[in-house]
Amino acid sequence: MLNKYARAFFTRVLTPFAAFLLRRGVSPDAVTLIGTAGVVAGALVFFPRGEFFWGTIVITLFVFSDLVDGNMARQAGISSRWGAFLDSTLDRVADSAIFGGLALWYAGKGDDNILCAVAIFCLASGQVVSYTKARGEAIGLPVAVNGLVERAERLVISLVAAGLSGLAAFGVPGVEILLPIALWIVAAGSAVTLGQRVVTVRREAAEADAAGSAGSGGTAGSGGRPSGAGAA
Ligand SMILES: CCCCCCCC/C=C\CCCCCCCC(=O)OC[C@H](COP(=O)(O)O[C@@H]1[C@H](O)[C@H](OP(=O)(O)O)[C@@H](O)[C@H](O)[C@H]1O)OC(=O)CCCCCCC/C=C\CCCCCCCC
Ligand SMILES: Nc1ccn([C@@H]2O[C@H](COP(=O)(O)O)[C@@H](O)[C@H]2O)c(=O)n1
Ligand SMILES: [Mg+2]
Ligand SMILES: [Mg+2]
């Protein structure tokens with residue numbers, strides 16, 4: 001939903017900055033790499049120590065690079081398959097650091113095994129949600145569903161809650177509860193999203209296989225499997 005409705009707004013806001021970076025000779029790949037490094041550093045330096053406010057500030061400063069890199073590539077007319085691969089792959093690295101950092105906090109001084117498990121579930125389910133789309137598309141299906149909780153929702157819900165929870169360190173009362181609530185929401189939302197995507201891929205695969213069989217005169221043949229279907 002955010003991807004659909006907020007992207008246009010951020011594209012307008014970030015376009016001048018993207019143009020500025022291009023004029024300074026910065027490449028989209030450099031923005032992708034530096035942005036990811038900043039998110040990973042913010043998450044793994046601050047979150048395991050329970051410093052949620054500063055961790056969220058650092059992550060927020062860098063996470064928008066994920067919207068700037070593609071904007072730069074499009075403005076410069078240099079969008080590439082390599083760039084798409086690098087962007088998506090490093091998204092997974094950044095997400096691992098964010099939820100891994102939270103899990104490390106709960107495994108250590110945060111001392112809550114259940115929330116540690118929920119944070120790990122958020123990490124793993126987010127990766128699997130993204131994988132369903134990548135794998136479905138790799139076998140030639142449209143995967144025409146985004147689902148309830150995409151990456152933008154996972155990040156916004158978790159980071160807003162982490163940032164506000166971090167205000168506890170400045171004496172704001174009652175805010176610590178926000179992060180656990182957010183983690184449960186992201187976990188449940190990711191599970192629903194996974195279900196939505198799996199159901200869609202199953203339907204699309206059945207339709208594509210049926211169309212393939214009809215096209216080949218109903219013989220067993222390859223069953224209409226696209227050539228990439230066996231790839232890992
Ligand atoms: C007192 C204050 C304390 C707290 C201060 C902190 C406030 C700041 C908190 C949070 C800010 C969070 C910002 C998060 C921004 C996220 C931006 C982003 O990176 O979005 C990425 C997303 C997807 O991009 P891609 O197409 O490159 O990625 C694809 C995606 O990963 C797919 O994954 P899937 O969805 O399938 O799981 C992959 O399949 C695919 O491979 C991959 O290519 O981009 C977007 O979705 C664009 C829209 C971004 C919308 C951002 C909205 C931010 C809005 C508000 C945040 C500010 C809230 C302030 C609250 C203040 C509270 C006091
Ligand atoms: N280093 C990069 C990063 C991205 N791209 C292209 O942008 C697309 C992603 O756009 P976002 O707005 O989501 O960042 C990606 O699919 C590539 O086409 C690039 O070329 N190089
Ligand atoms: Mg990007
Ligand atoms: Mg990205």
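Quick caveat, the model's predicted, so the values are computed rather than measured.
Within the 4.5 Å cutoff, the side chain of Val192 has no heavy atoms near those of the Val149 side chain. Residues Glu150 and Thr193 are not in side-chain contact: their nearest non-hydrogen atoms beyond the backbone lie 4.5 Å or more apart. For the pair Arg151 and Asp66, the minimum side-chain heavy-atom distance is below 4.5 Å. Side chains of Val45 and Val58 form no contact here, defined as non-hydrogen atoms less than 4.5 Å apart. With a 4.5 Å cut-off on side-chain heavy atoms, Leu155 and Asp95 count as touching. Inter-residue side-chain proximity for Arg154 and Val129 is flagged as met; some heavy-atom pair is nearer than 4.5 Å. By the 4.5 Å heavy-atom criterion applied to side chains, Ile98 and Val39 are counted as neighbours. Within the 4.5 Å cutoff, the side chain of Ile78 has heavy atoms near those of the Pro28 side chain.
In Arg203, the CZ atom is crowded: over 12 heavy atoms of neighbouring residues, nucleotides or ligands sit closer than 6.0 Å. Atom CD1 of Ile114 is surrounded by 12 or fewer heavy atoms from other residues, nucleotides or ligands within 6.0 Å.
Residue Phe9 is grouped with residue Val68 when hydrophobic side chains (ILVMFWY) are merged at heavy-atom distances under 4.5 angstrom, including chains of intermediate members. Residues Trp184 and Val160 fall within the same hydrophobic cluster, defined by Ile, Leu, Val, Met, Phe, Trp and Tyr side chains chained together at heavy-atom separations under 4.5 Å. Hydrophobic clustering places Phe170 together with Leu178 (ILVMFWY residues linked when any side-chain heavy atoms are closer than 4.5 Å, directly or through intermediates). No continuous path of hydrophobic side-chain contacts links Ile120 to Ile181 [ILVMFWY only; heavy atoms under 4.5 Å]. Under the 4.5 Å side-chain heavy-atom criterion for Ile, Leu, Val, Met, Phe, Trp and Tyr, Tyr5 and Phe10 are members of distinct hydrophobic clusters.
For the residue pair Gln127 and Ser96, the shortest heavy atom distance occurs at NE2-OG, 2.6 Å. The nearest pair of heavy atoms linking Ala19 to Gln75 is CB-OE1, 3.4 Å. What you find for Pro48 and Trp105 is that their closest heavy atoms are O-CE3, 3.5 Å. In terms of heavy-atom proximity, Phe99 sits nearest to Ala119 at CB-O, 3.8 Å. A pairwise comparison of heavy atoms in Leu2 and Glu153 identifies N-OE2, 2.8 Å as the closest pair. Across all non-hydrogen atoms, the minimal contact from Ala187 to Val118 is CB-CG1, 4.0 Å.
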For Ile57 and Thr60: C-alpha separation, side-chain torsions, deciding distance, then whether side chain to side chain contact (heavy atoms under 4.5 Å, CB included) applies. CA-CA 5 Å; Ile57 294 293; Thr60 303; 5.9 Å; no
Item to check | Working for side chain to side chain contact (heavy atoms under 4.5 Å, CB included), residues Val26 and Met72 | outcome: CA-CA 9 Å; Val26 179; Met72 290 171 70; 4.3 Å; yes
Check the pair Phe47 / Thr56 against side chain to side chain contact (heavy atoms under 4.5 Å, CB included), numbers first and verdict last.
CA-CA 8 Å; Phe47 282 178; Thr56 304; 3.9 Å; yes
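The distance from the OG atom of Ser65 to the CG atom of Leu21 is 10.5 Å, given to the nearest 0.5 Å. Within the model, atoms CZ of Arg202 and CG of Leu141 stand 13.0 Å from one another, a figure rounded to the nearest 0.5 Å. Here CG of Asp69 is found 4.5 Å from CG of Asp87. Values are rounded to the nearest 0.5 Å. Once rounded to the nearest 0.5 Å, the distance linking CG of Leu44 with CZ of Arg49 reads 11.5 Å. Rounding to the nearest 0.5 Å places CG of Leu183 at 11.0 Å from CG of Leu123. With values rounded to the nearest 0.5 angstrom, Cys122 atom SG is found 8.5 Å from Leu102 atom CG.
With hydrogens and angles ignored, the 3.5 Å screen pairs a side-chain donor or acceptor of Ser165 with a backbone N or O of Leu179. When atom types are taken as modelled, the side chain of Gln196 and the backbone of Leu148 share a donor-acceptor pair closer than 3.5 angstrom. A donor-acceptor pair is defined here as one N or O able to donate and one able to accept, closer than 3.5 Å; such a pair exists between the side chain of Lys133 and the backbone of Val145. Within the 3.5 Å criterion, the main-chain N or O of Asn146 finds a donor-acceptor partner in the side chain of Arg197. Here the side chain of Arg92 pairs a donor or acceptor atom with the backbone of Ser88 at under 3.5 angstrom.
Remark: the Asn71 side chain and the Thr11 side chain contain no N/O donor-acceptor pair separated by less than 3.5 Å.
Aromatic ring centres of Phe52 and Phe46: separated by at least 6.0 Å.
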